[in-house]
Number of protein chains: 2
Amino acid sequence: MSTRSSSPTIVDVARQAGVSIKTVSRVLNQEPGVHEETRAEVLRVVKALRYRPKQSARSLAGGRSFLLGLLYYDPSAAFVGRVQQGATLHCREVGYHLVVESLHHDTRDLQEQVERMVMTLRPDGMILTPPLCDSREVLDALRESDTPFVQISPERDLPDAPSLRMDDIRAAEDMTNLLISLGHERIAFIKGAPDQIASAHRYQGYLDALRAHGLQPDAQLIQQGSFSFDTGREAAHQLLSRTLRPTAVFASNDDMALGVLAAAQRLGLSVPGDLSVAGFDDSPPAALVWPALTTVRQPVSEMASLAVDLLVRRRSDPAAEPVHRVLPFELVVRDSTAVRRRG
Amino acid sequence: MSTRSSSPTIVDVARQAGVSIKTVSRVLNQEPGVHEETRAEVLRVVKALRYRPKQSARSLAGGRSFLLGLLYYDPSAAFVGRVQQGATLHCREVGYHLVVESLHHDTRDLQEQVERMVMTLRPDGMILTPPLCDSREVLDALRESDTPFVQISPERDLPDAPSLRMDDIRAAEDMTNLLISLGHERIAFIKGAPDQIASAHRYQGYLDALRAHGLQPDAQLIQQGSFSFDTGREAAHQLLSRTLRPTAVFASNDDMALGVLAAAQRLGLSVPGDLSVAGFDDSPPAALVWPALTTVRQPVSEMASLAVDLLVRRRSDPAAEPVHRVLPFELVVRDSTAVRRRG
DNA sequence: CTGAAAGCGCTTACAG
DNA sequence: CTGAAAGCGCTTACAG
């Protein structure tokens, strides 16, 4: 019923500007070799008509979709949410759009799911987050369809794809150094899931810092967790029930650190008075609990932005050697850590 | 360098199946009027060739993009994350894809942002979450571009768009009833941000439940918050410092309830021993804190699925009267609430 | 039940 | 610096 005329096309613009559609196309795509006056006139008409090139047409003709895909598994993961945020914002800046695809990690047809998505949508690239970025099925589907992708925080780098990560070892080392500088010597550590390389790296950083300060790692103070709240709480319960308690606990992610907080509370220990607690990730709850958690912030937005850039730029230079970058992290010192109480 | 032949098109399928491309198109779009044998043969070839129709071509020719947009403002909001999850999963089932667009609520050019997104991408519909679903600029941009949209939990319903929401009044009433059934009579309430209709509704439900049980609302027990952790903590501090303390606090969202937990802990009150605490939303931290929070779960996945359905179906019946549905919620009883301790 | 033709709105070679 | 032509891979009327 709308009396609104249908959207203007490139033909309308060309006609009004008195040029060919090819010239309009040139201006829109910022190609060189257009007379400045011509360019200005075209732009004027574009603005006057509120003309927007239609993606489906550009896509069909030009062979690129201006779509980037974000593949993820665990939707609740704060990490993915922040990747997405960084990616959408940067996508807008470069004229792309982000399509999100949530996968069931356990399903049989992971490869089929990815393949179908990629073949119908033809995204110009995919952004992969853990644990999917290390899934053979996902990678195979992407390779088979010639879809460029970048891995964010993968278990291991690939020769044929760029990756972006932070230095887990160094971050854990810095956090441990912080605790040491606060006077702590009996610093417990709760390890993460054994099958994730980040667990080993963070543990490594912890050990490095202790050794650099001449402190002996104490097996009694090292517990195995699996990155969950419950394992953190149980590990802390073990650690804190001993007569000779640690004065600080470094949990290798925030969920476990929250578990430590809960255990301390249960046992009537005050944090940070009786016990300092540090986490890793800077998840949303970290800032919401009491006391607010000291933790490590990963450079997630930067990784996401860079991922978008790498994918978009890849078009101009498809044969470029894939980069593997390590980005700087940040220690977020809040209220759960304090100078060790003497006596 | 790849020796891989380019993807098969509808022409390849038609040739191999010995039919016209029109017939292939009919089969793919499940149109009636194709001989069963012909249909089977086409499907066989489709499968053999691993043929997938290209979205950009379908989109350009058919005038629909198979893309749905999710517009949101606050990325960290757990609510939006769950909407997204529900939407992507259902999108896959119906052959659509979800494009996410994060907006800056405060920017001047909200309308311009939305208009640009919609005009280039031409999504077949948009899913709007609070607070954007009530933004005049967003709505105007959508209407002007003839883009169908559905509102999830809007402040108020619109005559020209479907909306999906839960019954806030009833949910708050049920939660209050739960506390009353546990023996509580001095039940405090922390209100949410005054500019959101949900705040008024939840407060209303609280009052309704009290009155139904012959309990007088006590102004001393009612505090104003604004849905943030800090306002929850402050309000709780006020409430719990009095000589005649409440035995239960109903915070009208989880973030504030977490603040109540923090305040109680600070004052040395045990939850739920000395104090029962209830929240609203079932945000991720709600299950992670100690004690785990009793709260209300909104039917978010259902709203998201329905939103997708409404948008997809709208194509077949664009003139249909927009529906305004109220979906059932769920009380999630965890560890922060208990029978009132006597004496 | 099936098909030939036209067209969606752009970009890609190719000319000049 | 600029343009005419062809084509991307589908769907939409329109026929029969």
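Note that this is a predicted model, so its numbers are computed, not measured. Note on naming: letters A, B, ... go to the chains in the order of the sequence lines (proteins, then strands), and numbering restarts at 1 for each one. Heavy atoms only: backbone and side chains are in, while hydrogens, waters and symmetry mates are out.
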Practice task
Sequence neighbours left out, what passes side-chain contact (heavy atoms from CB on, under 4.5 Å) with V11(B)? Give chain and number order.
Solution key: T9(B), R15(B), I21(B)
Practice task
State the dot-bracket string of DNA chain D. Criteria: Watson-Crick or G-U wobble, both atom distances under 3.5 angstrom; notation: ( ) intrastrand, [ ] crossing earlier pairs, | interstrand, . unpaired.
Solution key: |||.||||||||.|||
Handout entry: Closest to side chain of T9(A), choosing from dG9(C), dT2(C), dC10(D)
Key = dG9(C)
Exercise for the section: Provide, to the nearest angstrom, the distance between the CZ atom belonging to R39(A) and the C1' atom belonging to dC1(D). Expected result: 11 Å
Exercise for the section: Quick one: label V11(A) by what it contacts on the DNA or RNA (base, sugar-phosphate, nothing), any heavy atom closer than 4.0 Å. Expected result: nothing
Exercise for the section: Could you encode protein contacts along nucleotides 11-16 of chain D as a string, one character per nucleotide from 5' to 3', using B for base contact, S for sugar-phosphate-only contact and - for no contact, with a heavy-atom cut-off of under 4.0 Å? Expected result: BB----
Practice task
Output all residues satisfying side-chain contact (heavy atoms from CB on, under 4.5 Å) with A17(B), sequence neighbours left out; order by chain, then residue number.
Solution key: V19(B), E41(B), V42(B), V45(B)
Exercise for the section: Answer with base, sugar-phosphate or nothing: what part of the nucleic acid does S56(A) contact at a heavy-atom distance below 4.0 Å? Expected result: nothing
Handout entry: Residues that E115(B) engages under salt bridge (charged side-chain N to carboxylate O under 4.0 Å, His left out), provided they are two or more places apart
Key = R50(A), R52(A)
Problem - Partners passing side chain to side chain donor-acceptor pair (under 3.5 Å) against Q298(A) (at least two apart in sequence or in another chain) - result: D281(A)
Practice task
For residues 57-68 of chain B, pull every pair meeting side-chain hydrogen bond (donor to acceptor under 3.5 Å, both in side chains), keeping only residues two or more places apart or in separate chains.
Solution key: N29(B)-R58(B), R64(B)-Y96(B), S65(B)-D124(B)
Fill in the blank from the handout: R52(B) CZ to dG9(D) P, in whole Å, measures 17 Å
Handout entry: Out of dT2(D), dC1(C), dG3(C), whichever nucleotide has its closest atom nearest the side chain of S20(B)
Key = dG3(C)
Problem - Residue list, side-chain contact (heavy atoms from CB on, under 4.5 Å) with L310(B), at least two apart or on another chain - result: P162(B), L164(B), V323(B)
Completion exercise
Whole-Å distance, E37(A) CD to dT2(D) C1', equals 15 Å
Problem - Protein-nucleotide distance (K54(B), atom NZ; dC8(D), atom P), rounded to Å - result: 10 Å
Practice task
Can you sort out the partners of E93(B) under salt bridge (charged side-chain N to carboxylate O under 4.0 Å, His left out), two or more places apart, ordered by chain and number?
Solution key: none
